[in-house]
Amino acid sequence: MEKAKPSADSVRAVREVLARGGAPEALAPQAAAALGEDAAAQLAESPWRLLAVAGVRPTQADGFARALRGAEETGPGDERRAAALVGWLLAQATAKGHTVLDATTLESALAQYGVPDPAEALEAAVGDGAVLAFEEPVGPPGREYAEDEEQPVRILVGLEGSAMAEESLAEGLARLADTFTDPADWEKAATGTGAELIRAAAGHGLVTHTGGEAARAEPRALLAAAREFGLRACLAAHAPAEGAVTVAGLLAGAEGPGRDADGQFALDLLIVLDAPQLDVETAAALVESVPDGARLVLSGDPAVLGSAGPGRVFADVLAAGAFPGLVSRVPDPGPIGELVSGVGVGELHQVEAPGKEVVIVPVRDAGEAVHRTVQLVAESVPRAFGIPADAVQVITPGHGGSAGTRALNAALKERLNPGPGRFGGFDPGDRVVHVPSPGRALAARVVSADAQGLHLDTAAGADARIVVPKELVESQVRHGWAVTAHQAVGAHWPAVVVVLPGDAVSALSRDWVYTAFGRAERHLSVVHGVDQALPRAVAEAPAKPRTTRLTALLRALVASAREPEQA
């Protein structure tokens, strides 16, 4: 839910406080939005509340505090500073995908910022309700302890939003499994593609399904079978896909079956593709909206990059082992499928590609990488494969750098759609990415601009035309000939050019390479400037771990539900 826009009076008052402390007055709108209408009073009382503004670092907040309140009042042991640092550290962790942090990790981080008694500071933050603390049992699942033996636990700390969403999600998943009481005989439809998934969904309220790109045919077969049997069924995906609504559109009520009188989806079966892209808050809202007795199928490829928001929902549900799960045996076809499958298990194979389905383009430096990328998109791929330049997508590790999205998009625009950029840097015909919220990236094309804002065509059904208000264009719209793998996940193109400049080594990981390579349907070019760093990343750099609670919560709920049966 978006926060209300702060009033002009609130922004003005914050600007005055920032000026007194020597902080950039340009931060006023962000501070007012983050802290609410009494933002100025909060900052005057506790200058470290400035850490609630994105991009502000502790050293900057310390400088602001000293200028505003004086050095004597603002030492490193100030309780207000410690409380703000706890919140800031957890917010940073949330941005990296964690829903909670181990208390010892948090205390260590507080010590690094000069907090004299980190344990006391953390205890105070929990006592004030600023953060939540949880005990999680550790040790082998199912082990029984003697009466005089205590099970070891670890203390986890989190912000209320993601921590409580995780609990709500666990309860919602358990509810769907427990309230399903209507198994059906769908054997006559369980033939060919998706037969096993059809059987599993017929008999259970919650089913997981894993597989690569080719395996997406199986949930589609289930959708068709369910509709044949008269069920109200819906297929939802992270990015626009044929025959599917988007998860965001479904939750917003803009797509899909709508809601019943109780506010729940008017359906009997919900199939979610791209389940690894679900963060905890989105997943909790989705599951909460599925009515009792309905079926839910979570489907996805566990090897792709995880969600942009906090949590590792799909991986945690799989790890819990609490619900029926199917692993697709359908292999991804062709040289690209063979290459991507190898990456998924940590091996970078040299594949046979007689039709030049996979091409490696070695480059010496970033300048050559940009030049060869433009050449591939504008000339080589269209000429060799008959794929128009508009259907070739460039993927690179980051936005900055000499061969990041900004540099590549500038070069591609100059070649493919030159213009003055008179609409906030954009011209009609520009390929762009619209990012309405973190984790959502919609491919679009600029149509025009007027007093309302920038008019885009997303080519995504009846509501393809959208208008981005003028004041949001800078923060929500980027050129889209080149994108990051995080922006590309869930989407596919006939041809993909993956750019690996020398300065991208630290960003490479197995899931990044798997995701980037796997976006290509017919042709993949790899502009390769990282030497042996690529096979090393595939072999040695798996996905970065995230600290979450969902697996433990699900196991505890399932164990609790089984206790009466065993009694």
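As the structure is a prediction and not an experimental result, all values here were calculated from the model.
H98 places a side-chain N or O within 3.5 Å of a backbone atom of T547 that can act as its donor or acceptor partner. At least one donor-acceptor pair closer than 3.5 Å links the side chain of R227 to the backbone N or O of A233. Between the E357 side chain and the G355 main chain, a donor and an acceptor come within less than 3.5 Å of each other. Put simply, the side chain of T282 never gets that close to the backbone of L278: no donor and acceptor are under 3.5 Å apart. Between the R510 side chain and the A543 main chain, no donor and acceptor come within less than 3.5 Å of each other. At least one donor-acceptor pair closer than 3.5 Å links the side chain of E166 to the backbone N or O of L550.
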Test side-chain contact (heavy atoms from CB on, under 4.5 Å) applied to H492 and R216, step by step: CA-CA 13 Å; H492 304 87; R216 292 165 77 93; 4.3 Å; yes

Step-by-step side-chain contact (heavy atoms from CB on, under 4.5 Å) determination, R445 to D390: CA-CA 10 Å; R445 188 172 298 279; D390 277 356; 3.2 Å; yes

From CA spacing to verdict: side-chain contact (heavy atoms from CB on, under 4.5 Å), Q393, V483: CA-CA 8 Å; Q393 183 62 57; V483 299; 3.6 Å; yes

From CA spacing to verdict: side-chain contact (heavy atoms from CB on, under 4.5 Å), V343, L348: CA-CA 5 Å; V343 171; L348 190 63; 3.9 Å; yes

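Every residue two or more places apart in sequence or in another chain that forms a side chain to side chain contact (heavy atoms under 4.5 Å, CB included) with V505 is listed here: V530, A533. Evaluation of the ring pair (Phe, Tyr, Trp, His ring centres under 6.0 Å) rule for H479 yields F426, W481 as partners, not counting sequence neighbours.
Of all heavy-atom pairs between V245 and G256, the closest is CG1-N, 3.6 Å. Contact record, G194 with A221: CA-CB, 4.4 Å, taken as the closest heavy-atom pair. For L500 against V526, the heavy-atom pair with the smallest separation is CD1-CG1, 3.8 Å. Across all their heavy atoms, L223 and G243 have their closest contact at CD2-O, 4.5 Å. The heavy-atom pair separating P397 from A504 by the smallest distance is CG-CB, 3.5 Å. Here the closest non-hydrogen pair linking L456 and A444 is CB-CB, 4.0 Å.
Contact check for L176 versus V287: side-chain heavy atoms found under the 4.5 Å cut-off. V359 has its side chain within reach of H523: a pair of non-hydrogen atoms, C-beta onward, lies under 4.5 Å apart. Annotation: side chain of E228 is not in contact with side chain of W186 (no heavy-atom distance under 4.5 Å). Looking at W512 and I395, their side chains come closer than 4.5 Å, going by heavy atoms from C-beta outward. Residues V100 and S162 form no side-chain contact, since every pair of their non-hydrogen atoms from C-beta on lies 4.5 Å or further apart. Residues F180 and L206 are not in side-chain contact: their nearest non-hydrogen atoms beyond the backbone lie 4.5 Å or more apart. Two residues are said to be in side-chain contact when any heavy atoms from C-beta on lie closer than 4.5 Å; R478 and H399 meet this criterion. V499 places a side-chain heavy atom less than 4.5 Å from the side chain of V394.
Annotation: the span from T458 atom OG1 to R465 atom CZ amounts to 9.5 Å, rounded to 0.5 Å. Rounding to the nearest 0.5 angstrom, the gap separating the CG atom in L508 from the CZ atom in R536 is 10.0 Å. Distance check, rounded to the nearest 0.5 Å: CD of E171 to CG of L554 gives 10.5 Å. Distance check: S525 OG to I360 CD1 gives 8.0 Å after rounding to the nearest 0.5 Å. Within the model, atoms CG of L553 and CD of E136 stand 7.5 Å from one another, a figure rounded to the nearest 0.5 Å. Rounding to the nearest 0.5 angstrom, the gap separating the CG atom in L524 from the CD1 atom in I336 is 5.5 Å.
Of the residues T94, L159, L106, I155, the one that meets the side-chain contact (heavy atoms from CB on, under 4.5 Å) test with L101 is L106.
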Identify every side-chain donor-acceptor pair in residues 295-317 under 3.5 Å, counting partners at least two apart or on other chains, and give the distances.
| from | atom 1 | to | atom 2 | distance (Å) |
| --- | --- | --- | --- | --- |
| R295 | NE | A201 | O | 2.5 |
| R295 | NH2 | D182 | O | 3.3 |
| R295 | NH2 | A202 | O | 2.9 |
| S299 | OG | H209 | ND1 | 2.8 |
| D301 | OD1 | A303 | N | 3.1 |
| D301 | OD1 | Y514 | OH | 3.3 |
| D301 | OD2 | Y514 | OH | 2.4 |
| S307 | OG | G309 | O | 2.8 |
| S307 | OG | G311 | O | 3.4 |
| S307 | OG | R546 | NH1 | 3.2 |
| R312 | NH1 | D316 | OD1 | 2.4 |
| D316 | OD1 | T548 | OG1 | 3.4 |
| D316 | OD1 | T551 | OG1 | 3.3 |
| D316 | OD2 | T548 | OG1 | 2.6 |

Side-chain polar contacts of residues 261-273 - donor-acceptor pairs under 3.5 angstrom, sequence neighbours left out - could you list them?
| from | atom 1 | to | atom 2 | distance (Å) |
| --- | --- | --- | --- | --- |
| Q264 | NE2 | E288 | O | 3.3 |
| D268 | OD1 | R232 | NH2 | 3.1 |
| D268 | OD2 | R232 | N | 2.8 |
| D268 | OD2 | R232 | NE | 3.2 |

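Within the structure, side-chain hydrogen bond (donor to acceptor under 3.5 Å, both in side chains) pairs that include any residue of residues 237-247 comprise T246-E255 (at least two apart or interchain). Residue pairs meeting the side-chain hydrogen bond (donor to acceptor under 3.5 Å, both in side chains) criterion with at least one partner in residues 346-355, sequence neighbours excluded, are E347-H349.
Heavy-atom neighbours of D531 CG from other residues, nucleotides or ligands within 6.0 Å: at or below the threshold of 12.
No side-chain N or O of T99 forms a donor-acceptor pair with one of R549 less than 3.5 Å apart.
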